[in-house]
Amino acid sequence: MRALALDIGLKRIGVALWLNEIALPLNAILRKNRDQAANEVQQLINEYQISKLIVGLPKGGASEVEMGKRIKHFVSLLQFSGELIFVDEAYTSKEAQGLGVANSRKKDGKLDSLAALIMLREYFGV
């Protein structure tokens with residue numbers, strides 16, 4: 001089974017891959033616009049033959065409702081017929097900082113992809 005985790009933000013999308021029971025962070029997608037970003041995610045879905053899509057949703061906080069709508073709209077742009085799972089992404093970015101990217105520039109997307117990796121690990125219990 002192949003799964004893709006997405007940490008969807010307004011400027012970057014963190015991406016992690018579950019392949020042969022191994023979780024791997026991929027390069028983040030830097031968003032120019034939602035169509036470009038959706039096309040790049042779609043390419044990953046097709047390239048890796050993804051059967052499960054795990055998407056982080058913010059829980060709590062002032063932006064929960066607005067970001068939830070934006071994330072669900074973004075996912076609706078994808079042509080994906082596999083299993084779609086929304087998970088709580090709370091504190092994944094903070095936890096990712098503890099994985100050694102504290103010196104990384106936040107704008108490069110590494111932190112976002114590590115947050116997606118954490119979502120994968122939590123989902124699969126590894």
Side-chain angles (χ1 to χ4, degrees):
M1 190 252 308
R2 297 173 182 208
L4 195 68
L6 302 175
D7 180 25
I8 300 172
L10 298 176
K11 297 185 180 184
R12 291 169 303 282
I13 300 173
V15 184
L17 176 66
W18 177 262
L19 181 63
N20 299 326
E21 299 186 25
I22 298 172
L24 304 165
L26 300 179
N27 289 330
I29 295 170
L30 304 179
R31 289 180 70 153
K32 296 175 184 95
N33 60 61
R34 71 175 161 234
D35 291 331
Q36 160 268 332
N39 285 335
E40 289 189 41
V41 171
Q42 189 68 55
Q43 287 174 345
L44 292 172
I45 289 170
N46 296 342
E47 177 182 347
Y48 292 106
Q49 300 174 341
I50 299 301
S51 59
K52 187 176 289 200
L53 194 59
I54 299 166
V55 180
L57 282 178
K59 301 289 183 185
S63 65
E64 177 182 354
V65 173
E66 180 63 29
M67 281 305 294
K69 286 180 186 178
R70 287 176 181 249
I71 289 168
K72 288 177 181 177
H73 174 71
F74 180 84
V75 171
S76 75
L77 299 174
L78 303 172
Q79 294 178 358
F80 183 69
S81 60
E83 187 177 1
L84 175 61
I85 298 158
F86 291 101
V87 298
D88 183 3
E89 68 172 16
Y91 306 109
T92 55
S93 293
K94 190 170 194 128
E95 190 176 338
Q97 287 177 330
L99 294 178
V101 292
N103 296 331
S104 176
R105 293 184 350 231
K106 186 171 173 113
K107 295 180 181 180
D108 67 6
K110 289 179 182 172
L111 185 68
D112 303 282
S113 287
L114 284 176
L117 178 73
I118 290 166
M119 286 189 282
L120 266 183
R121 287 180 175 173
E122 288 177 358
Y123 178 79
F124 287 107
V126 293

*Would Leu57 end up clustered with Val41 when hydrophobic side chains under 4.5 Å apart are linked, directly or stepwise?*
yes

*What is the distance from atom CD1 of Ile54 to atom CE of Met119, rounded to the nearest 0.5 Å?*
8.5 Å

*Indicate if Leu4 and Leu19 have the same hydrophobic cluster label, given that clusters are the connected sets of ILVMFWY residues with side-chain heavy-atom separations under 4.5 angstrom.*
yes

*Which atom pair, heavy atoms only, marks the closest approach of Ser113 to Ala16?*
O-CB, 4.1 Å

With a 3.5 Å cut-off and sequence neighbours excluded, list the donor-acceptor pairs that the side chains of residues 77-85 form with protein atoms.
residue: Glu83; atom: OE1; partner: Lys52; partner atom: NZ; Å: 3.4

*Which pair of heavy atoms, one from Ile13 and one from Ala37, lies closest together, and at what distance?*
CD1-CB, 3.8 Å

_Which atom of Ala28 lies closest to which atom of Gly109, heavy atoms considered_ = CB-O, 3.3 Å

*Indicate the atoms forming the closest heavy-atom contact of Pro58 with Met67, along with that distance.*
CG-CB, 3.7 Å

*Spacing of NZ belonging to Lys72 relative to CD1 belonging to Ile8, to within rounding of 0.5 Å*: 11.5 Å

_Does this structure show an ion pair linking Asp112 with Arg12, if we count only N-O contacts that are shorter than 4.0 Å?_
yes

*asked:* So, taking the atom named NZ in Lys110 and the one named CG in Leu117, what distance separates them when rounded to the nearest 0.5 Å?
replied: 14.5 Å

*Determine whether Phe124 and Leu53 fall in the same hydrophobic cluster, where Ile, Leu, Val, Met, Phe, Trp and Tyr are linked whenever their side-chain heavy atoms lie under 4.5 Å apart.*
no

*Given side chains that start at C-beta, do those of Ile118 and Asp7 come closer than 4.5 Å, heavy atoms only?*
no

*Heavy atoms from other residues, nucleotides or ligands near CZ of Arg2 exceed 12 (cutoff 6.0 Å)*: yes

*Within the distance-only criterion (no hydrogens, no angle test), does the side chain of Asn33 pair as donor or acceptor with the backbone N or O of Asp35 below 3.5 angstrom?*
yes

_I'd like to know if Leu17 and Val126 are part of one continuous hydrophobic network [Ile/Leu/Val/Met/Phe/Trp/Tyr, side-chain heavy atoms within less than 4.5 Å]._
no

*For the atom pair CD1 (Ile71) and CD (Glu66), what is the distance rounded to the nearest 0.5 Å?*
10.5 Å

*Leu26, Trp18: one ILVMFWY side-chain cluster at the under-4.5 Å cut-off?*
no

*Taking all non-hydrogen atoms of both residues into account, name the closest pair between Ile50 and Leu44 and its distance.*
CG1-O, 4.0 Å

_Approximate separation, where rounding is to 0.5 Å, of Leu6 CG and Phe86 CZ_ = 10.0 Å

*Run the side-chain hydrogen bond (donor to acceptor under 3.5 Å, both in side chains) check on Asn39 and Gln43 step by step: do they pass?*
CA-CA 6 Å; Asn39 285 335; Gln43 287 174 345; over 6 Å; no

*Looking only at heavy atoms, which two atoms of Leu10 and Arg31 are closest? And how far apart?*
O-CD, 3.6 Å

